[in-house]
Amino acid sequence: MSESTSSTVSSDFIRDIVNADIASGKYKIGEIRTRFPPEPNGYLHIGHAKALWIDFGVARDYQGKTLLRMDDTNPVKEDVEYVESIKEDIRWLGFEWDGEVRYASDYFEWMYELAELMIEKGLAYVDDQTAEEIRITRGTLTEPGTESPWRNRSVAENMDLFRRMRAGEFRDGEKVLRAKIDMTHPNMNFRDPVMYRILHAHHHRTGDKWCIYPMYDWAHGLEDSYEGITHSLCTLEFEIHRPLYEWFLEQLPVHRPQQIEFSRLNLTYTVMSKRKLLRLVQEKHVNGWDDPRMPTICGLRRRGYTASSILNFLSGCGVTKFNGITDITLLENSLRDALNKTANRYMGVLDPLKVVLTNYPEGRIEMLEAVNNPEDDSAGTRQLPFGRELYIDRDDFREVPPPKYHRLAPGSEVRLRWGYFIKCEEVIKDASGEIVELRCTYDPATRGGMAPDGRKVKGTIQWVEASNAIDAEVRQYDRLFLKENPDDVEEGKDFLSNLNPSSLTILTGCKVEPALAGLEPEDRFQLERIGYFCADRYDYRSDKPVFNLTVNLKDTWSKIEKAHAPASAKKEPPKAVAEAKPEGVEFIGIEDFGKLQLKVAKVVSAERVEGADKLLKLQVDCGEIRQIVAGVATVYSPDDMVGKLIIMVTNLQPATIRGVESNGMLLAAKRKGELRLLTVDGEIAPGASVG
RNA sequence: UGCCUCAUGGUGUAAUGGUAGCACAACUGAUUCUGGUUCAGUUUGUCUGGGUUCGAGUCCUAGUGAGGCAGCCA
């Protein structure tokens with residue numbers, strides 16, 4: 001939106017054309033007029049938002065106007081329901097069209113008169129062929145078509161027949177009006193295109209006034225012309241229609257707009273065609289057009305997107321004729337960007353784990369101050385209740401913390417955001433072994449989150465005081481499709497086979513801070529350390545809050561954790577190569593085998609890993625002393641191992657197996673269920689490379 | 001074996017015959033009471049072959065690859 005302030009309009013190929021038209025005197029600043037011409041047969045999606053942004057953006061840059069026109073030339077597909085949603089979505093995005101909404105159907109009479117003119121000029125004729133016959137005689141991409149036997153009717157006969165078509169004397173499909181151009185034209189659109197077909201259908205605006213309806217090629221240029229459009233901007237698939245668009249206008253005494261095509265928006269992990277979106281809705285793979293997983297404007301809105309983040313994203317995409325696929329992370333990033341600056345922070349836990357502070361007085365509740373938005377001082381602060389019983393997120397505690405884990409673990413200390421430092425003293429489990437409660441102590445000296453002795457804690461986690469916590473439903477959304485390109489499917493399957501089965505997870509029993517019961521629908525906020533959410537536009541109520549996950553916060557930890565996971569877990573898709581694999585042993589694809597660094601190593605010491613009957617923890621000398629974990633304990637005892645020269649892989653990411661760090665992997669072979677270690681005989685120095 | 005269009009890092013997009021730049025992603029590091037934010041830095045590119053030119057991502061030409069077109073849909 002800010003580029004409008006620049007005086008010279010720069011930059012994309014469309015504006016270049018407009019600039020040239022102004023430079024040549026064809027149009028003056030202020031005369032530029034564009035239009036957004038949706039067919040009211042579906043909801044607007046983010047692809048339309050791009051068209052909107054271009055249509056309105058170009059006109060605005062030249063102090064021109066943009067009209068909104070419903071392209072309602074096909075009564076059997078269109079409906080008023082869509083007209084209203086289209087208007088609402090456009091307004092929500094922040095665009096204001098000039099004057100009243102226009103309807104192509106308002107120009108039907110004018111178009112009809114021009115059609116008679118075409119007949120008079122010998123440029124159109126009534127064809128009695130069936131749809132099937134017309135299809136066959138049109139030829140193919142490589143073969144010319146053949147002329148209709150009705151092609152050379154007299155002007156008088158054509159006029160008579162056309163008037164009778166209008167009068168309703170014929171049944172649907174019995175006759176059409178076609179332009180008389182060239183049945184051998186290399187551009188199929190010129191092979192006598194149909195201008196009018198007979199449709200005895202009720203039109204949502206004109207009712208039963210008409211039973212003949214104009215076809216796109218004939219109608220669209222006329223609509224643009226009627227409205228005085230200077231630049232008719234549309235997407236690439238209409239490129240091949242442009243010559244015909246121009247041809248029709250050239251035959252008539254009317255204003256001639258210029259059609260310019262740009263590439264439509266494609267996004268990874270989503271579909272954009274109306275047909276496919278309609279299927280998703282009709283077959284109930286989503287809950288309606290405004291399902292937060294849909295790329296529709298109303299879907300994005302319900303998800304929590306801001307109009308500005310969509311517009312910003314679009315401006316980052318630019319305007320070109322290149323038909324690519326834009327990474328949806330660009331959109332998500334634009335969203336995070338907008339929300340980071342504006343969304344107030346709150347605390348909530350999605351998967352509550354109870355924490356009891358054993359040294360905190362029973363029954364006492366105190367209020368702590370919390371900053372609402374560190375990016376915006378004017379957002380102020382709020383008071384948070386704190387007490388002896390709290391909830392933290394289950395994911396913020398690990399009984400056996402992996403390396404680099406900064407959160408709570410037995411004996412370790414973390415900071416409760418805006419609260420105190422707490423230390424885990426005891427883990428309480430139920431009969432099945434699941435952790436049900438943590439007993440912790442808090443340090444009264446760290447009130448507000450700082451230690452007077454200056455000691456540091458690595459992690460800060462969010463929490464909610466139990467007695468004041470509000471129960472909430474959180475709808476966690478993920479991508480609707482598993483593949484970047486949902487249409488990438490096996491023979492015989494369609495895009496629905498790529499649907500992500502876990503694109504929606506409904507979490508109930510989430511605990512959030514009291515302030516979140518006082519929101520308005522569509523209010524957006526951040527749940528600290530989790531993501532941005534919004535109060536559902538329709539289902540949120542103070543006594544039953546429902547929140548939609550808008551987008552997660554960036555998550556560096558999950559990257560670290562993933563990097564440390566065994567290689568087999570990283571492979572995607574998880575190929576089913578693993579037969580009963582010993583825990584922690586890694587699998588390497590053949591394509592990666594050449595990258596492995598193999599070295600001879602001498603086992604210095606070995607011991608069993610507690611709680612894992614297959615694992616040995618080894619200290620080996622491979623030029624340096626390293627610790628590795630090997631799943632060989634069922635075959636070899638620690639004593640067997642010490643002193644052995646083995647072959648190991650040295651250039652692997654450190655992995656943590658049963659809580660023990662492993663910096664490498666030894667080679668062993670398995671045959672008929674018997675495991676054998678690969679050892680080296682003779683005098684080879686530890687650290688020597690193998691192969 | 002037709003016609004139309006497109007081709008710049010992983011993705012999207014600038015450079016209008018004159019130093020290939022930006023954003024996002026990725027990776028390093030710093031800061032941080034959000035493993036968020038912010039900041040600093042690094043890596044990665046003109047589809048191929050000819051030609052014009054002092055000089056080509058840009059112009060010409062041939063090829064390759066991708067998308068679109070055979071609705072009485074828009």
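Residue numbers start from 1 in every chain, and the chains themselves are labelled A, B, ... in the order their sequence lines are given, proteins ahead of strands. Just the heavy atoms: all of them, side chains too, but no hydrogens, waters or symmetry mates, feed the values below.
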Rounded to whole Å, the CZ-P distance (A/Phe248 to B/rA74) equals 12 Å
Contacts of A/Tyr532 and A/Thr446 projected onto RNA chain B by closest heavy atom; the upstream (5') one is A/Thr446
Between A/Glu78 and A/Lys559, whichever has its closest RNA chain B nucleotide further toward 5' is A/Lys559
Rounding to 0.5 Å, atoms CG (A/Asp395) and CZ (A/Arg529) come to a distance of 8.5 Å
task: Please test A/Glu227 against A/Arg35 for salt bridge (Lys or Arg N to Asp or Glu O under 4.0 Å), starting from the C-alpha separation and ending with a verdict.
output: CA-CA 9 Å; A/Glu227 293 170 356; A/Arg35 103 267 96 115; over 6 Å; no
- Establish, yes or no, whether a centroid distance under 6.0 Å links the rings of A/Phe547 and A/Phe525. yes
Exercise. Kindly state whether the ring of A/Tyr245 and the ring of A/His241 have centres lying under 6.0 angstrom apart.
Key: no
* Asked: Parallel under 30°, tilted from 30 to 60°, perpendicular over 60°: which one fits the rings of A/Phe190 and A/His185?
  -> parallel
Exercise. Between A/Phe386 and A/Trp418, does the ring centroid distance fall short of 6.0 Å?
Worked result: no
Separation of B/rG68 atom C1' from A/Arg242 atom CZ, nearest Å, is 13 Å
Please tell me whether A/Phe162 and A/Tyr112 form a close aromatic pair, meaning their ring centres lie under 6.0 Å apart. yes
Of the listed B/rC73, B/rG36, B/rG2, the closest approach to the A/Leu553 side chain comes from B/rG36
Between CD of A/Glu375 and C1' of B/rG36 the distance, given in whole Å, is 9 Å
Per atom distances to the A/Ile134 side chain, the nearest of B/rG35, B/rC72, B/rU34 is B/rC72
Nucleotide by nucleotide, nucleotides 39-45 of chain B touches protein heavy atoms under 4.0 Å in the pattern (B base, S sugar-phosphate only, - none) -------
Inset, instruction - Just say parallel, tilted or perpendicular for the rings of A/Tyr213 and A/Phe108, cut-offs at 30° and 60°. - result: perpendicular
A correct dot-bracket answer for RNA chain B, with pairs being Watson-Crick or G-U at under 3.5 Å, [ ] for crossing pairs and | for inter-strand pairs, is .((((((..((((....[..)))).(((((.......)))))....(((((..]....))))))))))).....
Residue set satisfying side-chain hydrogen bond (donor to acceptor under 3.5 Å, both in side chains) with A/Arg524, at least two apart, ordered chain then number -> none
Rounded to whole Å, the CZ-P distance (A/Arg191 to B/rC4) equals 13 Å
Of the listed B/rG35, B/rU34, B/rC73, the closest approach to the A/Pro374 side chain comes from B/rU34
In whole angstroms, the gap separating P of B/rG71 from CZ of A/Arg275 amounts to 16 Å
Residue set satisfying side-chain contact (heavy atoms from CB on, under 4.5 Å) with A/Arg279, at least two apart, ordered chain then number -> A/Glu283, A/Asp494, A/Phe495, A/Leu496
What residues 141-148 of chain A contributes to the RNA chain B interface at heavy-atom separation below 4.0 Å is A/Leu141, A/Thr142
C1' atoms of B/rU11 and B/rU48, separation to the nearest Å: 23 Å
**Prompt:** Does the ring centre of A/Tyr391 sit less than 6.0 Å away from the ring centre of A/Trp463?
**Reply:** no
Spacing of the P atoms in B/rC24 and B/rA20 (rounded, Å): 23 Å
Taken to the nearest whole Å, OH/A/Tyr213 to P/B/rA74 is 12 Å
Between CG of A/Asp337 and P of B/rC24 the distance, given in whole Å, is 8 Å
| task | Give a yes/no verdict on base stacking between B/rA74 and A/His220: centres under 5.5 Å, planes within less than 30° of parallel. | result | no
The side-chain hydrogen bond (donor to acceptor under 3.5 Å, both in side chains) partners of A/Thr320 (sequence neighbours excluded) come to none
Whether the side chain of A/Arg135 and the base of B/rG71 hold a donor-acceptor pair under 3.5 Å is what I'd like checked. no
Subject >> Pairwise C1' distance, B/rA56 and B/rU16 [rounded to whole Å] >> reply: 13 Å
Closest of B/rA25, B/rA74, B/rG36 to the A/Glu39 side chain is B/rA74
Testing B/rA25, B/rG35, B/rC73 for proximity to the side chain of A/Lys404, the answer is B/rG35
- prompt: Is there side-chain contact between A/Arg417 and A/Ile461, with at least one heavy-atom pair below 4.5 Å?
  reply: no
Glycosidic torsion of B/rG71 (syn if within 90° of 0, anti otherwise) classifies it as syn
Taken to the nearest whole Å, CG/A/Asp224 to C1'/B/rA74 is 13 Å
Residues at least two apart in sequence or cross-chain that pass salt bridge (Lys or Arg N to Asp or Glu O under 4.0 Å) with A/Glu147, listed by chain then number, are A/Arg151
Touch class at under 4.0 angstrom, heavy-atom based, for A/Arg336 against every strand present: nothing
Each nucleotide of nucleotides 9-18 of chain B classed B (base within 4.0 Å of a protein heavy atom), S (only sugar-phosphate) or -, in 5' to 3' order, makes --SSSS-B--
Sorted by chain and residue number, the salt bridge (Lys or Arg N to Asp or Glu O under 4.0 Å) partners of A/Asp443 (sequence neighbours excluded) come out as A/Arg455
From the candidates B/rC72, B/rA25, B/rG35, the one with an atom nearest any side-chain atom of A/Tyr405 is B/rG35
Those residues at least two apart in sequence (or on a different chain) that pass side-chain contact (heavy atoms from CB on, under 4.5 Å) with A/Pro144 are A/Thr184
Quiz item: Between A/Gln258 and A/Ile17, is any pair of side-chain heavy atoms under 4.5 Å apart?
Solution: yes
Across all chains, not counting sequence neighbours, the side-chain hydrogen bond (donor to acceptor under 3.5 Å, both in side chains) partners of A/Tyr269 are none
In numerical order, the residues of residues 266-274 of chain A whose heavy atoms come under 4.0 Å of RNA chain B are none
